[in-house]
Amino acid sequence: VHPPRLVTAAIGGTAPGAWLTAALDLVFPARCPVCSQPLGDGRRDPLCGGCWNAIERIAAPWCTTCGLPFGTLEPPAGPEALVARCGPCARQAPPFAWARAAGRYAGPLRDAIHALKFHGRRALARPLADLVLDQAGDAWSAGVAALVPVPLQAARERERGFNQANLIAERIGAATGVRVRGGWLSRTRATRPQADLTASERAVNVRRAFAASPAVNGLDVVVVDDVLTTGATVRDCARALAAAGARQVGVLAVARVI
Ligand SMILES: [Zn+2]
Ligand SMILES: [Zn+2]
């Protein structure tokens, strides 16, 4: 529901201030883009308190490399817990030093990401970035020099008008003081939409699909994406950044398919 123009006109003439926002909120309560309810207690604008709290967060114990939660397995204890790796990471180290996703790609988190990407609800980048910082702070190091969003294909970005990974990176950057370097990764060729492909097809589809700027040479950088499915895209991004001389590559994502 949008406040009709006549309300603004009736108050008329005065510069809109916080009191006006509060007054409009009483008459026309802001509604959550996921569940359409008024935002209510615990709101994380524009997400309502109910949806925010219902997000299934991913928490330790997890693989300290890829960030997959160990789930119901008994967590490793003692000093081992600090270097605990899942089976696949122990067998073959991935091209990134660490990866973390804030929540499971399900329920209100999945709906919020859809609303951001496909319905242009850009303001959702703010609570989603907050979620990333809340859940993934353990992997963050003081030496991170830049956040590098996964680039969209040019045609896709033109059609959508924005890159959701870039919006999320901008919010994380604003909260942490780390610069966002959108131009440090680029796509070298067109790829098919990953959503249509199986896991092995996804890996082939994005292989060497990215190139990194030599500006990353010697730096710690963090790749930012909205959703990790198989992780093929961020692995290829990490390979490209490492090939261009990045000292260490981390990965932050809002959600992950588990
Ligand atoms: Zn909601
Ligand atoms: Zn792992």
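Computed from heavy atoms alone, side chains included, the values below leave out hydrogens, waters and symmetry copies. Counting starts at 1 for both ligands and their atoms, following the listed order.
Between Cys89 atom SG and Cys66 atom SG, the angle centred on the Zn ion (ligand 2) amounts to 110° (nearest 10°). Geometry at the Zn ion (ligand 1): SG/Cys51 and SG/Cys35 form an angle of 110°, nearest 10 degrees. Rounding to 10 degrees gives 110° for the angle at the Zn ion (ligand 2) between SG of Cys86 and SG of Cys63. With the Zn ion (ligand 1) as vertex, Cys48 SG and Cys32 SG subtend 110°, rounded to 10°.
Two residues are said to be in side-chain contact when any heavy atoms from C-beta on lie closer than 4.5 Å; Leu109 and Glu56 fail this criterion. Between Val222 and Val251 there is no side-chain heavy-atom pair separated by less than 4.5 Å.
If you check the side chains of Arg187 and Thr191, you find a donor sitting under 3.5 Å from an acceptor.
Using a 4.0 Å cut-off between a side-chain N of Lys or Arg and a carboxylate O of Asp or Glu, Asp130 and Arg44 qualify as a salt bridge.
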